[in-house]
Amino acid sequence: MRNIKAIFYDVKEYDKEFFRKYGKDYNIEMKFLKEKLNEETVDLSKGYEVVCAFTNDTINKNVIDMMAENGVKLLAMRCAGFNNVSLKDINDRFKVVRVPAYSPYAIAEYTVGMILALNRKIHKAYVRTREGNFSINGFMGFDLYKKTVGIIGAGKIAQILIKILKGFGTKVIAYDPYPNEKVAKELGFEFVDLDTLYKESDIISLNCPLTKETKYIINRESMNKMKDGVMIVNTGRGMLIDSIDLIEALKDKKIGSAALDVYEEEEEYFFEDMSNKVIEDDILGRLLSFHNVLITSHQAYFTEEAVEAITKTTLDNIKDFAEGKELINEVPQN
């Protein structure tokens with residue numbers, strides 16, 4: 001493998017640790033930056049053949065034009081999603097690769113964790129007892145046993161989630177535009193249309209990608225079709241939910257509770273320490289104020305196994321490019 005220079009944006013200490021550990025056998029000269037990739041930082045890509053970016057970097061037309069001008073030949077996304085990349089503006093000036101899968105178990109298990117924490121108020125109980133208050137007033141939840149869980153998007157993550165949920169004795173229904181009836185039979189769930197899923201579900205989990213069809217799939221119209229007091233869980237993409245509509249539905253108690261590991265305008269906040277700053281996003285601030293909303297900072301994927309897989313796949317993507325091999329994880333630009 002020839003020597004190749006790569007610049008990594010939006011890098012945390014754990015990213016450095018894993019890339020340095022697993023990158024020893026690769027002939028890649030790596031430069032790590034804390035800063036996100038955007039119009040103000042893209043100049044730093046000059047002299048690098050590879051740019052490695054993450055889920056909350058801004059990769060719009062202006063950034064893409066500057067990357068191409070700087071001689072970038074490969075954009076390596078170290079994540080599965082690429083909705084933050086304006087693919088139509090690349091015009092084949094450089095390649096784009098991604099990490100299509102890492103650990104579906106990590107996200108599925110975390111989804112169940114959020115359901116349990118939100119339902120049984122575990123996160124609130126922890127804070128209360130730390131302050132010496134051992135009252136359980138306000139902490140009543142419900143049994144998952146015999147409840148109906150609706151899954152939107154029945155891919156690999158959802159299938160693992162369904163296996164776990166079946167262990168609680170739940171009834172699982174799912175919607176997917178490409179239903180796999182064989183898998184449904186094997187795992188013991190039923191495919192239904194969206195309206196049926198909205199109507200029958202006690203809990204709804206979003207496990208679908210963000211596309212034109214799924215953008216704001218959870219909005220006021222769809223929420224009005226749901227059971228009163230339904231729980232919504234989103235470990236997929238922030239823009240699957242219209243946050244303003246969600247706030248209104250929480251206020252009038254149509255939605256009973258929400259667990260959100262993603263948020264549609266998360267770029268300025270998630271993965272960062274904002275404890276000494278004012279949350280200027282009024283919508284996020286409002287969501288944080290609800291006692292029945294649990295928000296975490298896009299950490300569903302964050303296990304050792306998942307970060308290891310992301311690291312190795314990213315390095316292999318760069319290696320394949322450097323050696324002129326087929327890019328099996330290439331993102332089509334049209």
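Residues Asp281 and Tyr263 bring a donor and an acceptor atom of their side chains to less than 3.5 Å of each other. With no hydrogens or angles considered, a side-chain donor-acceptor pair links Glu264 and Ser243 at under 3.5 Å. A donor-acceptor pair shorter than 3.5 Å can be found between the side chains of Tyr26 and Asp316. A donor-acceptor contact closer than 3.5 angstrom links the side chains of Ser275 and Asp273. Between Thr58 and Asn60, the side chains place no donor N or O within less than 3.5 Å of an acceptor N or O (distance only, hydrogens not considered). For the residue pair Thr111 and Thr235, a side-chain donor N or O sits within less than 3.5 Å of a side-chain acceptor on the partner.
Within 6.0 Å of CD on Glu181 lie more than 12 heavy atoms contributed by other residues, nucleotides or ligands. Heavy-atom neighbours of Lys215 NZ from other residues, nucleotides or ligands within 6.0 Å: at or below the threshold of 12. Annotation for Asp282: atom CG does not count as buried by contact number, only 12 or fewer foreign heavy atoms lying within 6.0 Å. Heavy-atom neighbours of Tyr105 OH from other residues, nucleotides or ligands within 6.0 Å: at or below the threshold of 12. Within 6.0 Å of NZ in Lys5 there are more than 12 heavy atoms belonging to other residues, nucleotides or ligands. The local environment of NZ in Lys199 is sparse, with at most 12 non-hydrogen atoms from other residues, nucleotides or ligands closer than 6.0 Å. In this structure, Lys16 places its NZ atom where more than 12 heavy-atom neighbours from other residues, nucleotides or ligands lie under 6.0 Å away. By the 6.0 Å contact criterion, CG on Leu194 is enclosed, its count of non-hydrogen atoms from other residues, nucleotides or ligands being greater than 12.
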**Prompt:** Hey, mind stepping through Asp320 and Glu326 against side-chain contact (heavy atoms from CB on, under 4.5 Å) and telling me if it holds?
**Reply:** CA-CA 7 Å; Asp320 288 346; Glu326 177 187 1; over 6 Å; no

**Asked** side-chain contact (heavy atoms from CB on, under 4.5 Å) between Ile283 and Glu265: does it pass, once the steps are laid out?
**Response** CA-CA 9 Å; Ile283 298 172; Glu265 300 292 340; over 6 Å; no

**Request:** Apply side-chain hydrogen bond (donor to acceptor under 3.5 Å, both in side chains) to the pair Asn207 and Ser205, showing each step before the final yes or no.
**Result:** CA-CA 6 Å; Asn207 299 96; Ser205 177; 2.7 Å; yes

**Item:** side-chain contact (heavy atoms from CB on, under 4.5 Å) evaluation trace for Val230 with Tyr198
**Value:** CA-CA 9 Å; Val230 66; Tyr198 294 146; over 6 Å; no

**Item:** Stepwise side-chain contact (heavy atoms from CB on, under 4.5 Å) test for Val42 and Leu37
**Value:** CA-CA 6 Å; Val42 66; Leu37 174 59; 4.0 Å; yes

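Proximity of Phe168 to Val112: side-chain heavy atoms (C-beta onward) are separated by under 4.5 Å at one or more points. Side-chain atoms of Ser222 and Ile217, non-hydrogen and from C-beta on, never get closer than 4.5 Å to each other. Side-chain contact between Val262 and Ile241 is absent, with no heavy-atom pair separated by less than 4.5 Å. In this structure, the side chains of Leu44 and Lys31 stay at 4.5 Å or more apart for every pair of heavy atoms. Residues Lys251 and Arg286 have side chains in contact (heavy-atom distance under 4.5 Å, counting atoms from C-beta outward). Looking at Ile59 and Ile64, their side chains come closer than 4.5 Å, going by heavy atoms from C-beta outward. Taking 4.5 Å as the limit, some side-chain heavy atom of Lys171 sits within range of a side-chain heavy atom of Glu200. Counting heavy atoms from C-beta outward, Asp65 and Lys61 have side chains that approach closer than 4.5 Å.
Considering Tyr14, Tyr110, Phe270 as possible partners of Phe302, the one that fulfils the ring pair (Phe, Tyr, Trp, His ring centres under 6.0 Å) test is Tyr14. The side chain to side chain contact (heavy atoms under 4.5 Å, CB included) test with Ile218 singles out one residue from Leu206, Leu246, Leu240, and that residue is Leu206. Of the options Asn27, Thr313, Ile28, a side chain to side chain contact (heavy atoms under 4.5 Å, CB included) to Ile318 is made by Ile28 and by none of the others.
At a threshold of 4.0 Å, the pair Glu272-Lys12 counts as salt-bridged, since one of the basic side-chain nitrogens sits closer than that to a carboxylate oxygen. Ionic pairing of Asp252 and Arg220 is present here: one or more N-O contacts between side-chain nitrogen and carboxylate oxygen are shorter than 4.0 angstrom. Electrostatic pairing of Lys254 and Asp228 counts as a salt bridge here, judged by a charged N lying under 4.0 Å from a carboxylate O.
For the pair Asp57 (side chain) and Phe54 (backbone), a donor-acceptor distance under 3.5 Å is present. Distance alone, capped at 3.5 Å, is enough to place a donor-acceptor pair between the Lys121 side chain and the Asn119 backbone. No donor-acceptor pair closer than 3.5 Å links the side chain of Asn91 to the backbone N or O of Arg93. Counting only distance, with no hydrogens or angles, the side chain of Ser201 and the backbone of Ile204 share no donor-acceptor pair below 3.5 Å. No donor-acceptor pair closer than 3.5 Å links the side chain of Thr170 to the backbone N or O of Val172. Remark: the backbone N or O of Asp242 is not paired with any side-chain donor or acceptor of Asp245 at under 3.5 angstrom. Using a distance-only test at 3.5 Å, with no hydrogens or angles considered, no donor-acceptor pair links the side chain of Lys225 to the main chain of Glu221.
For the pair Lys227 and Asp202, the tightest heavy-atom approach, listed with the atom from each and the gap, is NZ-OD1, 2.9 Å. In terms of heavy-atom proximity, Val97 sits nearest to Ala76 at CG2-CA, 3.6 Å. Taking each heavy atom of Asn38 and Val63 in turn, the nearest pair found is C-CG2, 3.5 Å. The minimum heavy-atom distance between Ala80 and Pro100, with the atom names listed, is CB-O, 3.9 Å. Closest non-hydrogen pair, Phe94 versus Gln333, comes out as O-NE2, 2.7 Å. Closest heavy-atom contact between Ile4 and Ala322: CD1-CB, 4.0 Å.
One distance of note links CD of Glu109 with CG of Leu161; it measures 10.5 Å at 0.5 Å rounding. Distance check, rounded to the nearest 0.5 Å: CE of Met114 to CD1 of Ile203 gives 12.5 Å. Here Phe142 contributes atom CZ and Met231 contributes atom CE; the two are 4.0 Å apart, rounded to the nearest 0.5 Å. Remark: Glu268 CD to Met274 CE distance equals 7.5 Å, nearest 0.5 Å. Atom-to-atom distance recorded for Leu187:CG and Lys166:NZ is 9.0 Å, nearest 0.5 angstrom. If you take CG on Leu197 and OH on Tyr175, they are separated by 10.5 Å, rounding to the nearest 0.5 Å.
Sorted by first and then second residue, the pairs that involve residues 45-55 and meet side chain to side chain donor-acceptor pair (under 3.5 Å), not counting sequence neighbours, are Arg2-Glu49, Ser45-Asn70.
Aromatic pair Tyr269/Phe271: ring centres not closer than 6.0 Å.
Connection of Leu74 to Ile328 is not established within any shared hydrophobic cluster, with ILVMFWY side chains joined at heavy-atom distances below 4.5 Å, either directly or through further cluster members.
For the pair Arg128 and Phe139, the cation-pi criterion (under 6.0 Å, within 45° of the ring axis) is fulfilled.
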